[in-house]
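Proteins come first, then strands; the chains are lettered A, B, ... in the order of their sequence lines, and each starts at number 1. Keep in mind that this is a model prediction, so the values were computed, not measured.
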Amino acid sequence: MKSCAYYTYWMVMLQWVKFVCDEEERDSAFMTQVENQLEKMPTGEAGHKPRLRFAPSPTGLMHIGGFRTMLFSWLYARHTGGTFILRIEDTDVARTVEGAVDFLLHGMRWMDLDYDEGPIVGGQYGPYYQTQRKAIYQQYAHQLIESGHAYRCYCTAERLEQLRKAQAAQKLPPRYDRNCRYLTEEQRAANEAAGLKYVVRIAMPLEGETVVHDEIHGDITFKNSDIDDAVILKSDGFALYHLASIVDDHLMGITHVLRGDEWISSAPRHIQIYKALGWELPLFYHVPTVLGKDKKKLSKRHNAPSWIELKEKGFLPEAVFNFLALIGWSYDDKTELFTREELIRVFTLDRIGAAGGIYDPDKLLWMNGVYIRQMPLEELIERTLPYMERPEIAGGLPDSVKRPLDKAYTSRVLHLEHERLKTLGEAAEVVSFFFVDELHYDTAMLVQKGMDIDRTLVGLMRARDLLNSLEEWKHEVMEPPMRELAAELGMKPGQLFGAIRVAISGRTATPPLFETMEALGRERSMARIEKAIERLA
RNA sequence: GCCUCGUUCGUCUAGUGGCCAAGGACGCCGCCCUUUCAAGGCGGAGAUCACGGGUUCGACUCCCGUACGAGGUACCA
């Protein structure tokens, strides 16, 4: 039910996305915080370019935590000139959400993260959907059975369930009791003859230790007796992550496995499978998870936006890109604004930390503002227009405002708002008074601090007359005489200007008054002042 | 419960034995600028480096415990 609601939600968003954004190039060369000297290309082992993969499962909408982890792999692949592979781990058919891959692909496109091998583009090591590699996993599962590293388990779900209950009652760790590992040949044959369904389980060594060499955490040692015989092939013939990912990583020549640190606990199992198959281990990097404000793992239910929500709010992909790179990774003690090129140049795996980081929306907001301010005005307009033109209900200007917007006019408006914007999405709300015909505000707002109705009325009328007498409608022409007027009337500039501000905008906060009036236009400004006078009279 | 990981300002983090009576950034507060709101400038509060033991001439940095947090403990990934 929930997933259904989600599905509907983002299908709608998806349409909007296509409408709003044709991904254009944006590699403006601004913000160069990184000095050029520190760069040497990676010391790649001769000839062996790194191959990294991101392997999401399409069981839902990936949130930005997933993107962060993908970003690390992508960045490193690009840094080294290696290969970045996208592999879809869709072995859990029941949980697969239709459209999830599309959603992911769109998100990657939005963030400008490309991949060298994967869905659609293919590659030499395909297919890149695990459901299409079913036979491969089965082959290796059988190989493992043959070599005695795995076995068929005929236990029913009911038996397993009872087992777990019994163990719980005795306060024992829930663990498969390896019943089928010790079946006699006769029993096995009987089960086969009876046509019993079976799963394949890995036969973990009963004693000894497995040490996981992790490039971030160092060596992590597990007692083999603590690890149970996990299922690696389901009764429906599909592999589980434990088998599929290892087979694929090996067959696809993955050199660096970056994955969330929630995988640490199953790493020993994976290592045993590598060993059993006689394969060389890749380098493991268990990267810290991105946590929510409550320090819990990020989930979409919960405090974790997906890329589409960020996009919808008007966050810039390049800002999100920059921001995400800084969760769990840092360059040094002060640099944090990076262009994507700089990030690629500077990103190394050894600077990934071990502790989980919390996603801080406030800092993202700030960084987005920085990127907006750095952006040339023309670009700001191009990119903001779609947000303003979207339907009112989606956050655009009131529907009464005719689309498409006049570009020249919008440009003048946005120029004033440029350094005030934190997101593209808030533009509509903030500038709507420039576009609507009718202003709605409480008349009392006209009366400034220390003023009364009569004085406000006088101020407004005198301002009207003065403004009307001006030859040119330019802010530098308006300001000096208006200041004089305020002085003459014994008002503070803010008292006079404040009243006019409300009169022309219906707001208490706008860009500088006279520039605002200039952009608004003479007709419109004067009509609004007139209207305010009527209201007070 | 068991296994594992993690722990530097509220948050992101710098720090790999002396350069740290811990630096930067967001946020917060104040001042300046100022017609409002921003932006910008300046300044401030904010971390006994989770705690306790070691090791060492010297520990935020190494070791061991403890606490707390997180992850795992599925025919999920």
Please tell me if A:Arg373 has a side-chain N or O lying less than 4.0 Å from either OP1 or OP2 of B:G40.
yes

Does anything in residues 502-516 of chain A pair up under salt bridge (charged side-chain N to carboxylate O under 4.0 Å, His left out), and if so which pairs, sequence neighbours excluded?
A:Glu429-A:Arg507

Ring center gap for A:Phe338 and A:Phe347 short of 6.0 angstrom
no

Classify A:Thr91 by what it touches in the nucleic acid, base, sugar-phosphate, or nothing, heavy-atom distance under 4.0 Å.
sugar-phosphate

For A:Lys234 and B:C76, is the shortest distance between a side-chain N/O and OP1 or OP2 below 4.0 Å?
yes

Report yes or no: does A:Asp442 contribute a side-chain atom to a donor-acceptor pair with the main-chain N or O of A:Met445 at less than 3.5 Å?
no

What about A:Tyr241 and A:Trp263, are their ring centers closer than 6.0 Å?
yes

Taking N and O atoms by type only, does the side chain of A:Ser235 place a donor or acceptor under 3.5 Å from a partner on the base of B:C75?
yes

Distance, C1' atom - from B:G69 to B:A50, rounded to whole angstrom:
10 Å

If you look at every strand shown and take non-hydrogen atoms under 4.0 Å, does A:Val199 touch a base, only sugar-phosphate, or nothing?
base

Pairwise C1' distance for B:U7 and B:G15, with rounding to whole Å
15 Å

Round to the nearest Å and state the distance from A:Asp214 atom CG to B:G71 atom P.
18 Å

Of all residues at least two apart in sequence or in a different chain, which pass the side-chain contact (heavy atoms from CB on, under 4.5 Å) check with A:Asp333?
none

Could you check how far OH of A:Tyr241 sits from P of B:A77, rounded to whole Å?
10 Å

P spacing across the pair B:A21 / B:U61, given as an integer number of angstrom:
15 Å

note: A:Lys165, atom NZ; B:U73, atom P; distance rounded to Å ~ 19 Å

Can you tell me the distance, in whole Å, between the CD atom of A:Gln167 and the C1' atom of B:A74?
13 Å

Under a 3.5 Å threshold, yes or no: a donor from one side chain and an acceptor from the other, between A:Asp90 and A:Thr131?
yes

Please state how far atom CG in A:Asp350 lies from atom P in B:U16, giving the value in whole angstrom units.
13 Å

Using whole Å, what does the distance between atom P of nucleotide B:C75 and atom CZ of A:Arg95 come to?
13 Å

B:C32 versus B:U8 - spacing of their P atoms, nearest Å:
37 Å

Nucleic acid footprint by protein, nucleotides 21-37 of chain B - heavy-atom cut-off 4.0 Å, B for base, S for sugar-phosphate alone
--BSBSS-------BBB

Scan A:Gly353 against the nucleic acid and name what it touches under 4.0 Å (heavy atoms): base, sugar-phosphate only, or nothing.
nothing

I'd like to know if the side chain of A:Asn224 pairs up with that of A:Thr210 as donor and acceptor (distance under 3.5 Å, no hydrogens or angles considered).
yes

Mind checking salt bridge (Lys or Arg N to Asp or Glu O under 4.0 Å) for A:Asp248 and listing every partner two or more places apart, or none if nothing turns up?
A:Arg87, A:Arg133

Of the nucleotides B:A77, B:C75, B:U13, which has the atom closest to the A:Ile327 side chain?
B:U13

Which whole number of Å gives the distance between the C1' atom of B:G6 and that of B:G24?
23 Å

Please find out if less than 6.0 Å separates the ring center of A:Phe72 from that of A:His256.
no

Identify, with sequence neighbours excluded, every residue that meets salt bridge (Lys or Arg N to Asp or Glu O under 4.0 Å) alongside A:Asp236.
none

Between A:Leu243 (CG) and B:C76 (P), how many Å, whole number?
13 Å

Atom pairs, protein N/O to nucleotides 3-7 of chain B N/O, distance under 3.5 Å:
from: B:C5; atom 1: O3'; to: A:His217; atom 2: ND1; distance (Å): 2.9
from: B:G6; atom 1: OP1; to: A:His217; atom 2: ND1; distance (Å): 3.3

For B:U13 and B:G27, measure between their C1' atoms and round to the nearest Å.
14 Å

Pair A:His286, A:Arg259 - check side chain to side chain donor-acceptor pair (under 3.5 Å), show working.
CA-CA 5 Å; A:His286 287 99; A:Arg259 66 201 334 187; 3.0 Å; yes

Spacing of A:Tyr176 atom OH relative to B:C2 atom C1', expressed in whole Å
20 Å

Presence of A:Arg259 side-chain N/O under 4.0 Å of B:G71 phosphate oxygens OP1/OP2:
no

